[in-house]
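Letters A, B, ... mirror the listed sequences (proteins, then strands); counts begin at 1. Just so it is clear, the values below take in all heavy atoms, side chains as well, and ignore hydrogens, waters and symmetry mates.
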Amino acid sequence: MKTFVGIDLGSTTTKAVLLDEKTQVLGRGITNSRSNYDTACRVASQEAVIDARFTLFRRELGSGDGDSGQIEEFLGALERAFRLEQFLEQLNDLERTCLEQVRGERFARLGDGVREAITEVFRQLREEAPALFAPGATRKSDFFRDIAGSRYLTIAETVARDAGLPYDLLLNVYDKSIIAVENRPPSGQLSDKFHAALKRVTREDTGMNETFREAVERALGIELEETYLVGTGYGRVTLPFSKEHIRSEILCHGLGAHMMYPGTRTVLDIGGQDTKGIQVDENGIVENFQMNDRCAAGCGRYLGYIADEMNMGLHELGPLAMKSGKPARINSTCTVFAGAELRDRLALGEKREDILAGLHRAIILRAMSIISRSGGITDQFTFTGGVAKNEAAVRELKKLVVENYGEVTINIDPDSIYTGALGAAEFARRAAEGRMEGVEA
Amino acid sequence: MTLAAGIDVGTGAVKTAIFRVGDGKEEWLSRATLRIRQRDPMELAREAFERTLEDAGLKEEDLDYIATTGEGESIPFHTGHFYSMTAHARGAQFLNPETRAVLDCGALHGRAIITDERGKVLKYKMTSQCASGSGQFLENIARYLGIAQDEIGKLSLQADDPEAVSSICAVLAETDVINMVSRGISAPNILKGIHLSMASRLARLLKSIGVGNSLVMVTGGLAKDEGLVAAMNEELAKIKGVDAKVISHPDSIYAGAIGAALWGAFRFDKLAASGQLLKAS
Amino acid sequence: MNTTAKASKAEVIKDASMLKQKEMMAKHYERLANAEANGEKVVSTFVPGNLNELLMCFDLVNNLPEVNAIQSGLRRQSGAYVMEAEKSGHSEDVCTYVKSDIGMMAKGNIGPNGKKLPNPDVLMLSYTGCFTFMKWFELLREQYKCETIFLQTPYMADGRITPNMIQYMVKQFKEDVIPKLEAVSGVKFDIDRLREYLRKSAQAEEDLVYILQSSKRRPSPIDAYFGGIYYIGPIFGAFRGTDDAIDYYRFLRQEVDQRIAAGLGPVTPDGQMGEEKYRLVVEGPPNYTNFRQFWKMFYEEGAVVVASSYTKVGGTYDFGFRHDPDRPLESLAEYCLGVYTNRSLPMRIEMLVNYINEYEADGLLINSIKSCNSFSAGQLLIMREVEKRTGKPAAFIETDLVDPRYFSAANVKNRLESYFQMVEQKRGGAGKGVAA
Amino acid sequence: MSTPQTSEIVARCQALYEDLNFTAAREWKEAEPGRKVIGFMPIYIPREIIHAAGMLPLGILGGGDQLEVIHGDAYYQSYICRIPRSTIELGVSGRLDFVDGMLFPSICDVIRNLSGMWKVMFPGVYSKYFDVPQNYEDEVGGRFYVNEMAEFRRDLEEMAGRKITDDDLRRSIGLYNRNRRLIRELYALRARTPWKAPAAEVYLVVRAGLVLPVEEHSALLEQYIAAAEAEDRPIRDNCRIVLTGMFCEQPPLNLIKSLELAGCYIVDDDLLLVTRWLIDDVPLDGDPLHNLSQAFLHQSESTAAKYEPDQEEKGKFLVRAVKRTGAEGVIFAAPSFCDPALLDRPMLQNVLTRANIPFIAFKYAENSGQMQPIREQAGTFADSIKLWSAA
Ligand SMILES: Nc1ncnc2c1ncn2[C@@H]1O[C@H](COP(=O)(O)OP(=O)(O)O)[C@@H](O)[C@H]1O
Ligand SMILES: Nc1ncnc2c1ncn2[C@@H]1O[C@H](COP(=O)(O)OP(=O)(O)O)[C@@H](O)[C@H]1O
Ligand code: SF4
Ligand code: SF4
Ligand code: SF4
C-alpha cells in the first residue's frame, strides 16, 4: 500500500509519521536525534514502520471475530516481546563494541580486569532485561540509550567497586561505545524480529491461537511502499533530503495541529531548543509565528539538564513537581545554570518539588511571552512538542492561559510530540497528489 | 605550630587540605578530593575532611582553624570562611611563588586574579552570565564525544585545524558541536575549538585586569587540562601589550583548599597574637 | 565578484556609478590619510544628523567612525576589533559600533586603504537619535583630548518639531558650534558658502529620492536595502553638498532608468536577480560582517526589498524635506530633527505602514540589531502594530551590525525560509477555500 | 505617639516596596475626588511641578524580582535591560490603571522609545517624553529647559483644570528642599556610622518617598533618622565602599543585602537618584522655573546619564564621594545591557585607577536571583581590603 512519510528532525528527538492514502496515521516512530542525521531518520522511519505493522495487525485481527480484550492482550504481549528482542539485539551490539573499545592502548595496562567487569555488567543487564519488558513495568524512557545507559551506570558502579576498578573508566567505555552503537544504521530484517517475537509469545502461552498467527502473517505480507517523504525540523538545513522534500517546521507544526484539532487557531510548541508560538487560520495555514531568540533558556533541554542533575528520568520530573504546594520563584531559565540554581536552592533548604514546580513555571512563563509576541491566544489553543507530555508544565500552562486569555479550549494530544511529523506527512501526501498547495517545490 | 584545614566546596568537586605552619615553614600534611556526583556536597565535604584528617593522623580537635572557601559558607564545623578568589590567589602563590596572576577555571565560572608576591588579591574579574565557556560545557561535550576527562587535553593538543565554536550559548553550542560531528570534524579539532573559545574569553578577562607580563597559574578543575593551558598561551600571545605565560601545576586543583588552610593559619596566628584566641569548631 | 553577469549592458553602466563611488571613497580616505601632511584639520562626526555642509565651511575633513566600523565589518576585521575593546574592559553588552571603533584605534587606527587614519582635531558630537553617541565621543575625547563640540538634537517625541526645538538648535549653532569650529579651524564662518553647499545638497537629494522611490514599480529595479546601502553612502557620509555627490546620483538615476526601461530587477553580487517573488519592507540596520551571505538569503528566494528605514538614518528626504539655502541654520536643525532614529515610535510605525502600502509589499521584515537600542528597543511593538494596520505578516530576525558572533546563518536562514514559505502558503491558501 | 523603632518603619517601607499594585497611591487618589497621579520613570523629573498641580508624582521603577513578566517580555529582545519590560507588564496587567500620566525622562534610547510605545499601547493616558538639556549654558540649554518645563506646566494645568501659580511652585520646591535635606542627612548618618543604617534599610526608607506624598515621606525620614541614631547595633568588621553605576534599573534588595553580608558597608550610592539629583536647596525667591532650571544646570549630581562637558571633570565626582565618606573602595554595579552605564564605566574606572582607589564591577538585573557570584566578588573585595590593610 502507498504510504506517506513525514520526518521531524528535532534537536532532541527525531519523529516519523506514516500516513495512508486516507490520511489515517498508520504508525509513529521516535528516536533521539544524534550526530548522524541520516541514521536518526532511518531509525525513526523504521520505528514508524514497526508501529504501522502493529496497526495493520490490529486491522487484520479486528476484521475477524476475535474478542477485542483478547486481541489487545495478545498485541500487548507481542509488542513487549518485540521490544525485548530489539533491546537484546542492541545490548549485544553494545557489549561487542565495549569489548572492542578496551582493546585500545589506553586500557592495555589494566589487563583483563576491565574486560571481565564489562562482561559481568552485561550479564547482569541481560538477566534483568525481561523484567524491564514485563507487563506493567515502567521504563525510564523508550530509548535504548536511556534505558541501557541508566542501568549500565548503576550496575557498573557496584561492579567497579567490587573489582577495584575506577568507575569513571567504565563510564567512559560506555560513553564511547553508545555513540558507535547509536550511529549504526538499523540492520537485520524486521520480519525476523517479528517472528522471533511471535515465537517468544507462543512460548509464554498468552492465549495466542492460530487465527492470530495467520492474521499477523497476513499483515506482515502487506508491502509498505514509501510513496513520498517530507522532512522538517531543526536539523532541516542538514537533513539528508533534497529541497523539494523539505518544509519549514513552522508550517508543519501549524498543519499538524490543524489536523489533530481542526478548530486550532493558536499553537504552542516547546521542543528541545526552541519554543514557537504559531497562529493558524481555519485551513491550518500559518498566519504568524514567533520563536525564542538565540538564547535557549527555558526550552525542553532545560528540563533535560534538570533531570540529569537529579538523576531522574524526564518523565519523572512532572509528577514530582505536581506534589508541590508552593512553587519557588525562579527568575533565570538559563539552561546551563539550571543545575547550579537547583543546587543553590537545595542548599538553602528549599524542597525539591517546590523548586521543580518553580522551574516548570519559569519555562511556561517564557513560553507565554512568546505566545504573546506571536499575537496571543485565540480559541482553540493546541499545545504540542515534547514538553506537552509533562503534566506539571501543562498544569502551569492551563493556569496561565486562563488567567491571561480567559476560558479557551486547550488541546493536548498524547501524541503531540509527533505534530510536526504529522504535518510533514500530510505535506508529503499532498505533494504526491500533485497538490503542491502553499509550497513551491 | 599552627594546624589548619582548608575545605573547598566547588560545583564540580570537594577538595580538602591540611597544613602545619610555623617557623617560616608551610607543611602540607594531607589532601583529598571527591567529585560531586548527585550527592549532597555537605556530606561529601565531611567525608573528604575525615579522610584528610585520617591521612594526616590527626583528630578534628587538633586543628586550630578550619577554613572553608567556595560554596562552603554553610558548612557547620568551620571556623571562618574565605572567598574563593582570596583562597585561590594564596594557593597559587604556594604552588609557585613566581605566580603573579591566577586563572581559576571551575565548572561554571572563570575567574582571573592579579596577585602580589604575598598572595594578595590586587584585582580580579569573573566571567559573566553565559556559560558557553565553562568547564561544565566542556565536560558535557566530552561526554557526548565519548572522551574521558583526562583525555581531553591530550586530544586537543593534536588538533591541526581547530573548528571555531561560534555560539554564545552553551545549549546552542552543543548543537553546533553535533553538527560538527556530522560534518566529520575530528574530536581533537572540536575540543581545540572549544578550548580556544574558552581561552579567548579568559584571555579577555586577564587583559582587562591588566595581566601585563605576569606568570599566570591556572587553578581549579580545569587546571589539569593541558589543552586549555596551551590554548590560553596561544590566545594571550595574540594580545598586544601582553607577554604573560600560563602554567599549571599538578596540584592546581587544590589551590582553593590550600589557600583557605594557609589563610586560616594566618588568621589564627594574627588573632592569637592579639589575644583573641579562637577555638576550632 | 561574479563575472558571468558582467556582460549585460546594464552591468556596464551600473559600473559607472559604482566606479564613481569607489573613486570618491578612495579619494576621501586618501585625503584623510594625508590630512596632517597637507595641513588639513580633521573632524570626527556621526552619520545621523551630520553637518557636512557646515563642516565644509571650515575646510574640515570629515571622518565618520560609523563608516569606518562598517568598513571594518565588511572587511571582516570588526570581530577582532570588538574583542580588542572587550579585552580592554568594555562590556559584552554594549553597542559594537563603538567597540569596533575603539578596538580599531587600539590596533593602530588603520583605515580601509591600509593607511593610518588621522587623529581628529575636533569631535563634532551631533547627538541625534542615539544616546550612545554621547558616550562614544566621551570615550574618544578621553583618548584624543581634543575640542569636543556638542550639539543636542531634541527628540521628536510628539511627532512634531516645536519652535522651542528649532530655537534651541539654532542657538547652539550660533553660540556654541560655529564659534568653536571657527576657533579650531581658524576659518571665519561664511553663511553664503553654507547656502551654496545646501543648494547642492538639495539637488543630489532630489535624485536620491527618485532612485529610492523607483522600487514602487514591479519588478523593482533596485533593492532598497542591500543595494540601498550603497546608494546612501555618499549622501549620508562626507559628500553631501559636493559636486561629486551630484554627479554620482545623476549617474545612478540614469542607470536605474535604464533598468526600468528594460524591465529588469536589481543587480546582485551574483548578477541579475531572477524573478521577483516577494516584496519586502525592512526595518533595522543590516549585518555587515556577513553582508553577502545575508543578501543571498533574500535574492536566492526571489525576495527584493522595496523600502527600508535604514536608508533614512542619515536623513528622511522622501517626505519632502530638502536642505534649504534660504533658511540655512533652521534647515540644518530640521534635518537633524527629522532623521529616522530621532522620530518617535508612533512615527516610525506610520512610516513603515505607509511603505508597505505604497510600495505594495508582502510584509515587513525586522532585522533586530543587538547593538543598537536606538533602533531595536520597541521593534516588537512596531511589528505588531504594522501587522495589525496592514494585515500583512511580519518576521523578526536578530543579528548584529559588526559583531560576527551574533550572526547565526542557520538561525537567520531558518526564519527567513519559514517566513517566505508562510507568505507563499497564505497566497495559495487565500484562493483555495476550505481544505479538508 | 511614641517614637517607632527602625524595624517598624522599615517594615512599613518594605510593604510599600513589595506592593506592586501601588495601593498607597491608589488610596491617596481615592481619598479626594479629582486627585491625579503622574507616574515617572528614572532618572530625573522636577517633581515639584507635579506636586504644585496638586498631583502625586509616583516613581515607577520597574517590577523588581517579584513580578512575573509575561507580556513585557513579548515586547523586548533578550539583549535589552529589564526595566522597560517589567514596566510594560505593570501597565498591561492593569497595575497602573489609576495613573493619569506617565513621564519618560531623557536617559537612554530604551526609555525614549518606551515613551512612544506607551502612546501606542495606552492611548488614553497622558504620556510625555521629558527632554532635559545636555547643554549647560543658561541662554541655550537653560532657556530650552525652562520652555520645556513651561510646556509641562501648561499640560498639567489643563489636566488639573486650574492654574499652577508661582506660589504653588515655591511651596512645593520648599517641601522638596526639605525632603532632599533629610535624605542628605540620612546619607551622612550612614557614612558616619554605617552599622546604624544598613544600606537595605536606607534604600527602603528612601524608596518609600517615590510612592508617598512628600510631606508624609519627610516625616517618615525624620522618624527613621531619629530611631536609627538612638538604636544600638553591633559593629561588624566590614570595609566601606561606594556603590555606583546603577542610575536607572534598580538592583534587587537581595543584592544590596548580599553586599553587606559579604563584608562591605555601603557608605554612598547612586540608587534612586531622583531623590538626590539636585545637590543643594533650590532658591525660593524669584522665578521658580528659572530656579529649577538653574539648579539642574549647575547644582546637580554627575551620572552616566549626563554629558560631562569638561574632560577634566569626568569622573571626579566619584573620587570626591570616596574622600567625603571615607570609603576604601568602589563597587560598580550596572544593569545588564545598559549602554550608558556600561560605556561610562571604563572612563570612571580610569579615573579611580589614577586616584589609586580600588574597585570591582559586576552586572545585575532587577530580577537577578543568583547572588552567589556577587557575594563571591564582593567578599573577595572585602577580604582583600581587610586581610591586607593590616598585614
Ligand atoms: N516523556 C517526557 N516527559 C516529559 N518531557 C518530555 C518527555 N519526552 C520529551 N520531553 C521533553 O521534550 C523535549 C524534546 O521535545 P521535542 O519536541 O522532541 O524537541 P525537538 O523537536 O526540538 O527535538 C525534551 O527536551 C524534554 O524536555
Ligand atoms: N581530572 C580532570 N581533568 C580535567 N578536568 C577536570 C578534572 N576534574 C575536574 N575537571 C573539570 O573541573 C570542573 C570542576 O572544577 P572545580 O574547580 O571543582 O569547579 P568549581 O570550583 O567551580 O566547583 C569540572 O567541570 C570538570 O570539567
Ligand atoms: S547560556 Fe543560558 S543565558 Fe546564555 S544564551 Fe544559553 S541559555 Fe541563554
Ligand atoms: S546604538 Fe545604534 S545608532 Fe547608536 S551608535 Fe550604536 S549602532 Fe549607532
Ligand atoms: S537600565 Fe540603562 S539601558 Fe535600561 S532603561 Fe535604564 S538607562 Fe536605559
Side-chain angles (χ1 to χ4, degrees), chain A residues 268 274-275 277 279 288-299 327-348 350 355 358-377 396-397 399-405, chain D residues 18 20-21 62-95 117 120-121 249-255 257-258 261-262 335-337 362-376 379:
Chain A
L268 169 67
D274 43 28
T275 302
Q279 309 286 348
N288 200 337
F289 68 90
Q290 284 296 317
M291 292 160 80
N292 61 307
D293 51 39
R294 295 177 39 87
C295 167
C299 299
R329 160 100 58 214
I330 289 175
N331 288 324
S332 135
T333 42
C334 167
T335 308
V336 183
F337 282 97
E341 175 130 17
L342 188 72
R343 281 191 296 262
D344 238 26
R345 288 174 179 266
L346 282 175
L348 292 173
E350 290 186 44
I355 304 170
L359 294 170
H360 281 86
R361 186 168 175 87
I363 292 185
I364 296 301
L365 279 173
R366 237 183 100 87
M368 290 296 292
S369 299
I370 286 165
I371 298 177
S372 172
R373 249 187 219 193
S374 79
I377 290 177
E396 290 308 317
L397 181 71
K399 255 194 284 189
L400 282 164
V401 168
V402 172
E403 276 166 31
N404 285 278
Y405 299 100
Chain D
E18 283 168 5
L20 293 168
N21 286 310
D65 57 358
Q66 290 304 307
L67 183 70
E68 280 182 348
V69 174
I70 297 173
H71 301 288
D73 263 340
Y75 292 94
Y76 287 100
Q77 302 88 324
S78 59
Y79 49 77
I80 289 174
C81 58
R82 296 289 313 174
I83 183 167
R85 53 188 99 217
S86 57
T87 305
I88 285 205
E89 188 74 26
L90 290 173
V92 173
S93 60
R95 289 175 168 98
M117 293 173 71
V120 175
M121 296 177 70
E249 180 175 315
Q250 304 292 302
L253 199 58
N254 268 339
L255 188 148
K257 287 187 182 153
S258 294
L261 277 181
S336 290
F337 302 109
F362 50 77
K363 295 184 287 192
Y364 65 83
E366 64 175 5
N367 66 344
S368 298
Q370 278 205 28
M371 291 302 144
Q372 162 67 21
I374 285 173
R375 263 202 327 275
E376 191 180 316

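A:Arg373 places a side-chain N or O within 3.5 Å of a backbone atom of D:Tyr76 that can act as its donor or acceptor partner. The closest donor-acceptor contact from the side chain of A:Ser369 to the backbone of D:Ala74 lies at 3.5 Å or more, if one exists at all.
Only the side chain of A:Leu400 comes within contact range of chain D, judged by heavy atoms closer than 4.5 Å.
The greatest number of non-hydrogen atom pairs below 4.5 Å with chain A, out of D:Gln66, D:Arg85, D:His71, D:Glu68, is found for D:Glu68.
Once rounded to the nearest 0.5 Å, the distance linking CD of A:Glu403 with OG of D:Ser93 reads 11.5 Å.
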I would like to know whether D:Asp65 and A:Arg329 meet side-chain contact (heavy atoms from CB on, under 4.5 Å); could you show each step before the answer?
-> CA-CA 9 Å; D:Asp65 57 358; A:Arg329 160 100 58 214; over 6 Å; no
